[in-house]
Amino acid sequence: MKFFLDTADLSEIEEVASWGALAGVTTNPSLYARTGGKLEDFESHLVRICELVDGPVSGEVTAEDRDGMIEQGKQLAALADNMVVKIPMCVEGLAACRALYDEGIDVNMTLVFSVAQAVLAANAGARYISPFVGRFDDICEDGVSQLYDIVNALGNYDFGHPVEIIAASIRSANHVREAALAGADIATVPYGAMKKCVEHPLTDRGLASFKADWEKVKNA
Ligand code: E4P
């Protein structure tokens, strides 16, 4: 499973990219708003992210009709070679996804919550499909089992083009574990949860004892 960072914050991206294990970035309008970014700076901000990351970067359309989504999608895709157009799951989104696929543009279909939506997205040409996990948990439903169902269902078919499942709306290291066990191709993880994935108390304890023992060697 590959790791994407789910953020539009440049310093978070820069830091995690330096760890050497980052394969891409996903953004959405809420994440960009959180940076305090202005409308006129949106595209240059995405270009900067594309420069920082050696991998696909998802930028989301905000138009609500298919023609607007297609126009915005083409504009976003032209910003950088590694730009992926993120489109929300809905009838207009499916139509726009198909049109962009026909133009050779990679689409990440977002806000996917069911097997039926995921299969439709794959048939419309989506290169990436993003089932949300945490938002199910927020309403006391089981996001992880939904993810398992989507991974299993899509695995039954060859859609005639590459399709990768991005486990999205990840809130914890346990969600990352579940995404990997479910067989998701990618987990897109916010900065805080990404840092938690690195940590383990037994790692800390092990490091402390190695350090203490090395002091004994040095003083022997
Ligand atoms: C997916 O690409 C979305 O940006 C993201 O994972 C949404 O996560 P949230 O439910 O924590 O907002």
Side-chain angles (χ1 to χ4, degrees), residues 1-10 12-13 16-17 22-37 42 45-46 49-50 52-53 55-63 69 72-73 76-77 79 82-90 93-94 96-97 100 105-114 117-118 121-122 124 126-148 150-151 154 163-180 182 184-197:
M1 186 177 77
K2 289 177 278 189
F3 278 92
F4 284 7
L5 193 61
D6 197 27
T7 187
D9 184 301
L10 296 177
E12 291 179 358
I13 294 167
V16 177
L22 187 65
V25 165
T26 52
T27 70
N28 64 36
S30 308
L31 293 171
Y32 181 62
R34 215 173 285 163
T35 68
F42 177 58
H45 192 88
L46 286 178
I49 295 175
C50 288
L52 290 174
V53 186
V57 173
S58 291
E60 189 160 339
V61 299
T62 48
M69 288 178 183
Q72 266 189 352
L76 291 177
L79 294 176
N82 53 340
M83 194 75 223
V84 170
V85 179
K86 206 182 203 192
I87 293 190
M89 176 70 209
C90 57
L94 286 169
C97 179
L100 293 172
I105 293 171
D106 284 342
V107 169
N108 172 2
M109 187 139 285
T110 190
L111 289 171
V112 169
F113 291 91
S114 73
Q117 289 179 326
R127 171 76 174 77
Y128 302 96
I129 297 177
S130 294
F132 278 39
V133 175
R135 290 192 193 188
F136 267 116
D137 294 3
D138 291 345
I139 58 162
C140 284
E141 288 189 28
D142 186 354
V144 165
S145 80
Q146 296 286 343
L147 177 65
Y148 267 81
I150 289 172
V151 171
L154 292 189
V163 176
E164 288 187 86
I165 298 173
I166 305 179
S169 189
I170 294 288
R171 304 277 167 75
S172 63
N174 194 47
H175 277 164
V176 172
R177 169 184 179 273
E178 294 287 1
D185 301 289
I186 298 155
T188 189
V189 183
Y191 178 72
M194 193 72 106
K195 286 216 301 194
K196 288 269 189 307
C197 288

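Order of appearance sets the numbers: ligands from 1, and atoms from 1 within every ligand.
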Part of Ser169 within contact of ligand 1 (heavy atoms, under 4.0 Å) | both

In terms of residue, atom name and distance, what is the protein heavy atom nearest to [atom]?
atom                    : answer
atom 12 (O) of ligand 1 : Arg135 NH2, 2.8 Å
atom 7 (C) of ligand 1  : Phe132 CE2, 3.6 Å
atom 5 (C) of ligand 1  : Asp6 OD2, 2.9 Å
atom 11 (O) of ligand 1 : Arg171 NE, 3.1 Å

Side-chain donor-acceptor pair under 3.5 Å between Asp9 and Thr35, yes or no?
-> no

Between His175 and Ser169, what is the shortest heavy-atom contact and its length?
-> ND1-O, 4.2 Å

Taking all heavy atoms of Ser58 and all of Asn108, pick out the closest pair and write down the distance.
-> OG-ND2, 3.1 Å

Using distance alone, decide if ligand 1 has a nitrogen or oxygen within less than 3.5 Å of any nitrogen or oxygen in Thr188.
-> no

Between Thr110 and ligand 1, is there a nitrogen or oxygen pair with a distance under 3.5 Å?
-> no

Atom indices of ligand 1, in the order listed, that fall short of 4.0 Å to a heavy atom of Ala168 | 1 (C), 6 (O)

Check whether any heavy atom of Lys86 sits under 4.0 Å from an atom of ligand 1.
-> yes

Full working for side chain to side chain contact (heavy atoms under 4.5 Å, CB included) between Leu111 and Phe132 | CA-CA 6 Å; Leu111 289 171; Phe132 278 39; 3.7 Å; yes

